Each structure stands twice: as C-alpha cells, then as structure tokens.
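Structure record follows, encoded as structure tokens.
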Amino acid sequence: MFITRRMLVLGSVMALAGGAPFPSLAAEHDTVRVAVEGGFPPFNYLDSENQLQGFDVDVAKAVCEAAALKCEFVIQEWTGMIPNLLAKKYDAIVSSMSMSAERREKVAFSAKYYDSPSVFIVRKGSDIAGTSPNDLKDKKLGVTAATAQEAYAKKYYPNVSTAVVQASPDLYKELAEGNVDIIFEDKLAVYDWLTNTKAGSCCEFKGEDIKNAEYFGDGAGIAVRPDDKDLLGKLNGALAKIQASDVYDTINAKYFPFSIR
C-alpha cells in the first residue's frame with residue numbers, strides 16, 4: 001500500500017560506513033535521505049516483512065557505502081517525488097527516474113546507473129495489429145501518472161483514449177483484467193511482471209522498443225537538488241567506483257539475466 005501525501009521513514013538508518021571496501025569520499029558520515037517509491041518491482045518494492053527491496057535499493061545502499069554516507073530510505077508516492085525533493089523533505093531520489101529534458105530543468109542528475117527502453121504490452125491473443133496511433137485509435141491505452149510514458153503518450157497519441165493510473169502494479173492489473181487494451185511501460189520494470197508472476201503470464205510485448213531521449217532521457221539517474229553540488233559529486237564518485245568494481249554487476253545479476261548498464 002502506498003503512503004500518499006505522507007512519507008514513511010523506514011525503521012533503522014542504514015549505517016553503511018563500517019568495514020566499507022571503498023575509500024571514503026566524504027570527510028564525515030553525513031546522513032542522506034534517499035527517496036524511493038516502493039511500488040515498482042523489481043526496482044523498488046516492499047517485501048512481505050514491509051522492508052524495501054529491489055535493484056534501486058541495492059544500488060543506493062552500495063553508493064552510500066562507497067561514499068561512506070549514512071543513508072535513510074524514505075517512501076514517497078511517485079507524483080510527489082520531485083516537488084518534495086525541492087521542498088527538502090529528502091536529499092536524493094534513487095527510484096528509476098529517467099533523466100528527461102523536462103526533469104533536467106528542475107533537478108540535477110548523477111551519471112546514468114541503468115538504461116531501459118519503453119515498450120507496449122498487450123494481452124496474448126489481442127487483435128491489435130500494431131502500435132501506431134492509427135492502430136490504437138479504437139483502443140484504450142494505459143499509462144502510469146507522472147511518468148515519461150504518460151508524457152510521450154500525450155504527445156504522440158493525443159487522440160487515443162488513455163487511462164492514467166497511479167502506480168505500475170495498478171497498470172498491470174488494468175491490462176490483465178481487460179480494463180485497458182494495451183499499456184505503455186518501462187521495459188525492464190514490466191519484464192519482471194511478465195516473466196516472474198502468474199498474473200503476468202496473460203500478456204506479452206507488442207512492437208519494437210521505444211527510445212526517445214527527449215522523453216526517456218539517457219537512462220535512469222540519481223536526482224538531487226540543483227544547488228547540492230557537493231552531494232552530487234560524492235554520489236557520482238561512488239557510482240563510478242561500484243560500476244568499475246564487481247559490485248554493480250553483482251547487483252545487476254541478482255535481478256536480470258542480462259546487463260542493464
């Protein structure tokens with residue numbers, strides 16, 4: 001369940017400095033509040049014990065360790081991510097945020113920590129012939145609110161009936177239950193649902209991967225406030241260290257059978 005309009009700081013602070021295999025990039029063990037959505041598996045989600053898990057979470061922990069930073073995770077509903085970062089309710093976002101041109105006007109991003117195209121998904125046996133606006137003119141498209149996919153659909157599919165839902169699990173449910181005919185989603189996120197869940201066996205990819213730097217940016221990055229240059233430098237230094245070692249690849253292999261660099 002999402003915590004809307006409020007934020008939940010999870011249990012204990014991750015004190016990650018002790019025994020770190022990386023040299024310190026910070027003079028002191030600063031506390032950094034890291035926001036994640038908690039509803040975007042396999043990147044970030046709550047397990048059966050209400051603990052945060054996922055690729056984003058593991059990358060954030062590794063980056064904090066490499067930078068000798070003490071980090072707190074904060075669960076934040078997606079549409080409030082950037083506004084609450086700018087309001088200083090936390091210090092960084094590590095939540096599969098694509099580095100779009102629109103977002104770059106509001107926040108500063110680290111280097112890329114993974115890349116993923118977007119893709120259309122339909123129910124198996126669907127009569128949808130293709131994914132052009134003309135192909136979908138009599139269909140109902142589903143997207144998640146405040147995402148690059150929603151912005152792209154508004155631009156390129158303005159005359160297609162579109163349902164906007166609040167979170168990816170709700171989007172997948174809408175497709176599985178037949179409430180929408182096709183959805184547009186991040187490929188790596190929906191890959192987990194398609195391949196690792198019973199519900200996802202209903203559905204399949206449709207058409208080619210969609211890449212558009214204007215809307216989907218150059219991959220996912222860690223977002224910070226534009227004036228927080230010191231923190232950004234520490235995060236970039238730490239990210240480079242884990243990508244140069246086997247730490248990043250070990251995290252990658254935990255969630256995906258292929259590289260997502």
Side-chain angles (χ1 to χ4, degrees), residues 3 7-78 81 84-85 89-99 107-116 186 188-189 192 219-225 228 230-257 259-261:
I3 310 298
M7 293 176 292
L8 171 66
V9 178
L10 296 182
S12 59
V13 172
M14 297 189 310
L16 296 171
F22 303 103
S24 173
L25 296 178
E28 299 177 356
H29 296 282
D30 306 311
T31 298
V32 176
R33 298 161 297 171
V34 178
V36 295
E37 182 188 13
F40 194 54
F43 291 95
N44 57 82
Y45 61 94
L46 291 170
D47 65 17
S48 59
E49 297 182 352
N50 216 38
Q51 297 298 306
L52 273 172
Q53 306 290 346
F55 179 83
D56 289 327
V57 177
D58 288 355
V59 166
K61 289 179 180 178
V63 166
C64 287
E65 184 174 357
L69 295 170
K70 196 166 54 174
C71 293
E72 293 178 349
F73 279 119
V74 176
I75 294 181
Q76 169 63 56
E77 179 268 333
W78 180 255
M81 275 287 180
N84 283 332
L85 173 68
K89 293 185 177 180
Y90 36 78
D91 306 300
I93 299 170
V94 187
S95 197
S96 292
M97 181 168 283
S98 60
M99 298 183 286
V107 301
F109 280 105
S110 70
K112 176 182 70 176
Y113 71 91
Y114 83 84
D115 196 10
S116 176
D186 179 275
L188 291 180
D192 180 69
I222 301 171
V224 300
R225 289 180 289 277
D228 213 342
D230 182 59
L231 176 59
L232 184 61
K234 292 175 184 177
L235 295 176
N236 270 328
L239 187 58
K241 285 183 177 292
I242 70 167
Q243 290 176 328
S245 71
D246 63 355
V247 172
Y248 181 92
D249 289 338
T250 299
I251 296 171
N252 189 146
K254 179 180 176 181
Y255 297 96
F256 302 103
S259 175
I260 66 170
R261 283 180 180 263

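The model shown is predicted, which means the values in this text are computed figures rather than measured ones.
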Rounded distance [0.5 Å steps], [atom1] in [X] versus [atom2] in [Y]:
| X | Y | atom1 | atom2 | answer |
| --- | --- | --- | --- | --- |
| Y90 | L85 | OH | CG | 6.0 Å |
| M81 | S95 | CE | OG | 3.5 Å |
| K254 | T250 | NZ | OG1 | 10.5 Å |
| M97 | F43 | CE | CZ | 14.0 Å |

Locate the shortest heavy-atom distance separating [X] from [Y]; write the atom from each residue and the value.
| X | Y | result |
| --- | --- | --- |
| K112 | Q243 | O-NE2, 3.3 Å |
| A62 | I242 | O-CG2, 3.9 Å |
| Y114 | S96 | OH-OG, 2.8 Å |
| I75 | E37 | CG2-O, 3.4 Å |
| A35 | Q76 | CB-CB, 4.4 Å |
| N44 | G38 | OD1-N, 2.6 Å |

Next item on the list: Let me see the working for D91 and V224 under side chain to side chain contact (heavy atoms under 4.5 Å, CB included), right down to the final yes or no.
Entry: CA-CA 6 Å; D91 306 300; V224 300; over 6 Å; no
Next item on the list: Could you go through the side chain to side chain contact (heavy atoms under 4.5 Å, CB included) check for F256 and L188 one step at a time?
Entry: CA-CA 9 Å; F256 302 103; L188 291 180; 4.2 Å; yes
Item checked: Verdict with supporting geometry, D58 and Y255, side chain to side chain donor-acceptor pair (under 3.5 Å) -> CA-CA 10 Å; D58 288 355; Y255 297 96; 2.8 Å; yes
Quick check: do [X] and [Y] have side-chain heavy atoms less than 4.5 Å from each other?
| X | Y | value |
| --- | --- | --- |
| V32 | K70 | no |
| F73 | K61 | yes |
| L69 | L231 | yes |
| T31 | E72 | yes |
| L52 | Y45 | no |

Counting N and O atoms only, with roles assigned by atom type, does the side chain of [X] sit under 3.5 Å from a partner on the main chain of [Y], one being a donor and the other an acceptor?
| X | Y | value |
| --- | --- | --- |
| S98 | A220 | no |
| R261 | D115 | no |
| S110 | I222 | yes |
| S245 | V247 | yes |

Item checked: Residues S116 and D186: side-chain donor-acceptor under 3.5 angstrom ->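 Yes, side-chain donor-acceptor contact under 3.5 Å.
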Checklist line | Check against side chain to side chain contact (heavy atoms under 4.5 Å, CB included), Y113 and V94 | finding: CA-CA 10 Å; Y113 71 91; V94 187; 3.7 Å; yes
Next item on the list: Kindly indicate, with the supporting measurements, whether the criterion side chain to side chain contact (heavy atoms under 4.5 Å, CB included) is fulfilled by I260 and Y248.
Entry: CA-CA 10 Å; I260 66 170; Y248 181 92; 3.9 Å; yes
